[in-house]
*Asks:* 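Once you've had a glance at the structure underneath, I'll fire off some questions.
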Protein chains: 2
Amino acid sequence: MSFFTIQWKKDGIEILDQRLLPAVERYITLKNPAQVVDAIKTLAIRGAPAIGVAAAMGAALGARHIRAGTTKEFLSDFDGIVSFIASARPTAKNLFWALDRMKRRAHGEIGGAGDIIVALEAEALAIYDEDIRTNEAIGRHGRDLVSDGDTVLTHCNAGALATAGYGTALGVIRAAVSSGKRIAVIAAETRPLLQGSRLTVWELMADGIDVTLITDGMAGYCFKEGLIDKVITGADRIAANGDTANKIGTYAVSVLAKEHRVPFYIAAPCSTIDTKTATGSGIPIEQRHPDEVRSFMGVQSAPPGVAVKNPAFDVTPAANIAGIITERGVIRQPYTKNIPMIVGDDD
Amino acid sequence: MSFFTIQWKKDGIEILDQRLLPAVERYITLKNPAQVVDAIKTLAIRGAPAIGVAAAMGAALGARHIRAGTTKEFLSDFDGIVSFIASARPTAKNLFWALDRMKRRAHGEIGGAGDIIVALEAEALAIYDEDIRTNEAIGRHGRDLVSDGDTVLTHCNAGALATAGYGTALGVIRAAVSSGKRIAVIAAETRPLLQGSRLTVWELMADGIDVTLITDGMAGYCFKEGLIDKVITGADRIAANGDTANKIGTYAVSVLAKEHRVPFYIAAPCSTIDTKTATGSGIPIEQRHPDEVRSFMGVQSAPPGVAVKNPAFDVTPAANIAGIITERGVIRQPYTKNIPMIVGDDD
């Protein structure tokens with residue numbers, strides 16, 4: 001791959017600034033938790049797994065700068081940093097999962113602040129490394145679900161750019177292509193922030209994978225014309241019953257897939273599964289600034305001041321999901337029974 | 001209303017240039033059929049009924065400039081102008097309906113070229129006047145379908161800007177509001193050309209009607225949250241069985257409406273009904289330039305050269321349509337039986 005999403009560097013966290021893609025490929029370095037939170041809030045880095053990695057690295061970075069007299073004070077300050085980073089966005093489970101893991105590592109470490117700082121860096125890098133291996137495993141489990149010649153619709157970006165690398169939904173595509181299958185992708189542009197046209201198209205073209213861009217409203221036409229064989233999207237949070245929060249617009253795609261009897265799959269690491277939230281109605285949905293809907297890249301597209309709804313996610317009911325592709329295998333319905341068999345309670 | 005969509009003037013056809021809305025409210029004058037065709041192709045004027053009016057006026061304008069020796073030559077030249085204007089866009093039935101009517105008037109006129117020119121101007125103005133009265137009648141028939149307190153989702157723009165005035169879908173809203181009902185509108189922005197955010201929001205705000213803007217992908221969320229009581233859209237062509245071509249994205253909305261048991265209505269004049277096309281599969285769907293999808297109001301939003309689909313319309317099956325609101329009444333299922341009772345064969 002000719003780019004990277006996020007890397008741990010001596011002087012901070014280097015990320016590809018996804019706000020500028022596809023026009024500009026620029027890397028920026030985040031030097032403290034405040035910059036990490038800002039990067040997550042403004043979607044310089046986005047995608048549930050990538051947010052988890054960024055949060056873990058941000059916590060490790062923050063730990064370096066704590067000036068505390070005792071280990072207890074150090075841990076108290078660290079917990080404050082973790083809470084601050086956790087406030088960045090509300091929906092993606094991976095953010096909280098990664099931060100919980102960092103907290104457990106900090107509190108479980110024997111030794112002083114210096115030892116904890118070293119342990120936290122190791123933990124953040126482990127989360128990063130595991131994410132790539134997790135995505136590769138998702139790809140291996142998922143590639144058998146797509147057939148040679150399939151066209152796969154995806155929504156938003158669940159690719160290398162949404163993870164430490166390789167991708168979840170696009171990881172499945174990459175694995176299928178690597179195994180010799182001819183796969184074409186239809187990418188929905190995903191308004192308001194156009195992660196489909198700006199990011200998914202960009203990374204698939206970089207990899208030489210066949211991709212066709214549509215607006216979100218064209219998915220229905222494509223289903224009706226019989227152009228779509230499978231749907232695969234990522235996820236931001238999966239409830240215990242399989243209800244799945246993903247980028248706004250995903251729910252409508254799932255209803256169309258059901259109408260046209262096209263299998264609809266979620267591809268996500270087990271860290272996206274939230275066994276403590278019973279159903280989708282318990283998943284908090286982030287509401288973002290109205291100007292995202294009123295404009296794009298500074299160009300006003302609606303009368304100023306018009307009332308707007310701007311939910312960043314919607315929830316696809318478990319009944320519409322043919323399978324959840326994880327690093328431990330494909331979870332099938334009934335999810336309430338089968339999710340615990342795969343993930344246990346150790347989320 | 002503080003604006004007009006189209007007017008017949010001594011020196012040509014004055015239209016509000018809808019490509020520039022909502023930022024700029026500029027009127028331009030079309031002086032010959034070539035300018036009319038260009039205005040229709042580039043969506044300076046759009047909306048099936050408005051296209052019909054513009055085409056009729058364009059034909060009347062073209063007739064003025066014919067230099068022919070005999071009435072027969074005059075009519076032959078006129079038929080050429082009509083064919084040229086008919087080539088502007090393929091889907092909207094009203095374009096062909098209005099031009100057929102102009103041709104019939106020209107060929108039915110007794111007298112020479114001068115008489116025919118006068119008759120054609122009168123016919124174009126009649127089509128214009130009738131369109132406004134037709135929309136007001138659609139409003140009267142449709143207003144009883146919405147209840148006090150309803151929130152109505154609409155897609156694209158089927159308003160005053162899509163007609164000679166008042167609107168079809170938005171005509172129903174206007175009539176309901178005028179009759180004292182409190183109606184809120186949710187307008188889907190309607191990518192790629194944003195007729196929802198640029199036009200529907202603009203004209204409803206101008207009239208002081210409650211409107212909230214969403215992206216196309218948010219309709220599913222709004223249905224799921226129970227925010228939508230009715231759907232009303234316009235139409236570009238209605239087949240004999242009720243299958244309806246309308247702006248791309250309408251089909252997906254109809255599937256969501258069915259899923260959520262929300263009534264989905266079409267509002268359109270009888271001139272949109274094409275009894276000679278048996279089903280939706282016979283309706284030609286215009287495919288437009290890929291750059292409309294690759295960019296957002298002139299700002300590139302996808303990598304250059306990415307493959308694109310850009311169908312301008314999709315077809316909503318009759319089964320998803322609770323009623324077709326016309327100037328002669330609301331047509332209910334079964335459409336194959338009930339459409340001829342309303343429109344006869346005189347389309």
Side-chain angles (χ1 to χ4, degrees), chain A residues 22-23 155 186-192 194 196-198 201-202 205 210-225 227 247-256 258-259 285 290 293-311 313-315, chain B residues 22-23 155 186-192 194 196-198 201-202 205 210-225 227 247-256 258-259 285 290 292-294 296-311 313-315:
Chain A
H155 190 76
I186 294 178
E189 64 173 8
T190 317
R191 275 280 287 157
L194 299 165
S197 52
R198 296 193 305 107
V201 166
W202 183 79
M205 285 177 86
D210 182 350
V211 58
T212 298
L213 176 65
I214 61 170
T215 66
D216 303 335
M218 291 172 191
Y221 173 92
C222 292
F223 276 109
K224 204 150 180 281
E225 293 287 308
L227 303 178
K247 180 53 55 196
I248 188 73
T250 303
Y251 168 61
V253 172
S254 80
V255 172
L256 287 164
K258 183 173 79 167
E259 174 83 3
I285 299 297
V293 174
R294 294 179 188 134
S295 65
F296 174 69
M297 280 165 72
V299 181
Q300 188 89 13
S301 53
V306 60
V308 159
K309 286 201 183 300
N310 189 13
F313 306 95
D314 56 27
V315 175
Chain B
H155 190 77
I186 294 179
E189 66 173 9
T190 317
R191 275 280 286 157
L194 299 165
S197 52
R198 296 192 305 108
V201 166
W202 183 79
M205 286 177 85
D210 181 351
V211 58
T212 298
L213 176 64
I214 61 170
T215 67
D216 303 334
M218 291 171 191
Y221 173 92
C222 292
F223 276 109
K224 203 150 181 280
E225 294 287 308
L227 304 178
K247 179 55 52 196
I248 188 73
T250 304
Y251 168 61
V253 172
S254 81
V255 172
L256 286 164
K258 183 173 77 168
E259 174 84 2
I285 299 297
E292 292 180 352
V293 174
R294 292 181 188 132
F296 192 97
M297 293 192 71
V299 179
Q300 188 87 12
S301 53
V306 60
V308 160
K309 286 200 185 301
N310 189 12
F313 306 95
D314 57 27
V315 175

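Chain identifiers are assigned alphabetically (A, B, ...) following the order of the sequence lines, protein sequences preceding nucleic acid strands; residue numbering begins at 1 within each chain.
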*Asks:* If you tally heavy-atom pairs under 4.5 Å against chain B, which of A/T250, A/I248, A/I214 wins?
*Replies:*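 Ranked by contacts with chain B, first place is A/I248.
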*Asks:* Let me know if A/Y251 has heavy atoms under 4.5 Å from chain B in its side chain, its backbone, both or neither.
*Replies:*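 The side chain, not the backbone.
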*Asks:* Where does A/K258 contact chain B at under 4.5 Å (heavy atoms): side chain, backbone, both or neither?
*Replies:* side chain
*Asks:* What part of B/E189 gets closer than 4.5 Å to chain A, counting heavy atoms only: side chain, backbone, both or neither?
*Replies:* side chain
*Asks:* Go through B/H155, B/K224, B/M205 and name the one with the most non-hydrogen pairs under 4.5 angstrom from chain A.
*Replies:* B/K224
*Asks:* Measure across B/P22 and A/P303 and return the closest heavy-atom pair with its distance rounded to 0.1 Å.
*Replies:* CG-N, 3.8 Å
*Asks:* Shortest non-hydrogen contact from B/A187 to B/G196?
*Replies:*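 So the two residues come closest at CB-O, 4.4 Å.
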*Asks:* Which bit of A/N310 is near chain B, if near means a heavy-atom gap under 4.5 Å: side chain, backbone, both or neither?
*Replies:*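 A/N310 touches chain B through backbone and side-chain heavy atoms alike.
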*Asks:* Name the region of B/V306, side chain, backbone, both or neither, that has any atom closer than 4.5 Å to a heavy atom of chain A.
*Replies:* both
*Asks:* Would you mind checking which part of B/V315 comes under 4.5 Å of any heavy atom in chain A, side chain (CB onward), backbone (N, CA, C, O), both or neither?
*Replies:*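 Looking at B/V315, backbone and side chain both touch chain A.
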*Asks:* Would the distance check show the side chain of A/R191 and the main-chain N or O of A/V293 forming a donor-acceptor pair, the cut-off being under 3.5 Å?
*Replies:*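 Yes; judged by distance alone, with no hydrogens or angles, the pair exists.
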*Asks:* Quick check for you: to the nearest 0.5 Å, what is the distance between B/I186 atom CD1 and B/F223 atom CZ?
*Replies:* 9.0 Å
*Asks:* For B/F296 and A/S295, work out which heavy atoms get closest and say how close.
*Replies:* CE2-C, 4.4 Å
*Asks:* Give, as side chain, backbone, both or neither, the part of A/F313 having an atom under 4.5 angstrom from any heavy atom of chain B.
*Replies:*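 Backbone only.
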*Asks:* Closest heavy-atom contact between B/A307 and A/V211?
*Replies:*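 That would be CB-O, 3.7 Å.
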*Asks:* Using heavy-atom distances under 4.5 Å, tell me whether B/P304 contacts chain A through its side chain, its backbone, both, or neither.
*Replies:*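 For B/P304, the backbone is the part near chain A, not the side chain.
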*Asks:* Can you tell which of A/A252, A/S301, A/S254 has the highest number of heavy-atom pairs within less than 4.5 Å of chain B?
*Replies:*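 Going by pairs under 4.5 Å, I would pick A/S301.
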*Asks:* For B/M218, is it the side chain, the backbone, both or neither that has a heavy atom under 4.5 Å from a heavy atom of chain A?
*Replies:* both
*Asks:* Find the one option among B/G249, B/A302, B/G220 whose heavy-atom pairs under 4.5 Å with chain A are most numerous.
*Replies:*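 Option with the greatest count: B/A302.
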*Asks:* For chain B, find which of A/V308, A/D314, A/D216, A/T190 contributes the most heavy-atom pairs closer than 4.5 angstrom.
*Replies:* A/V308
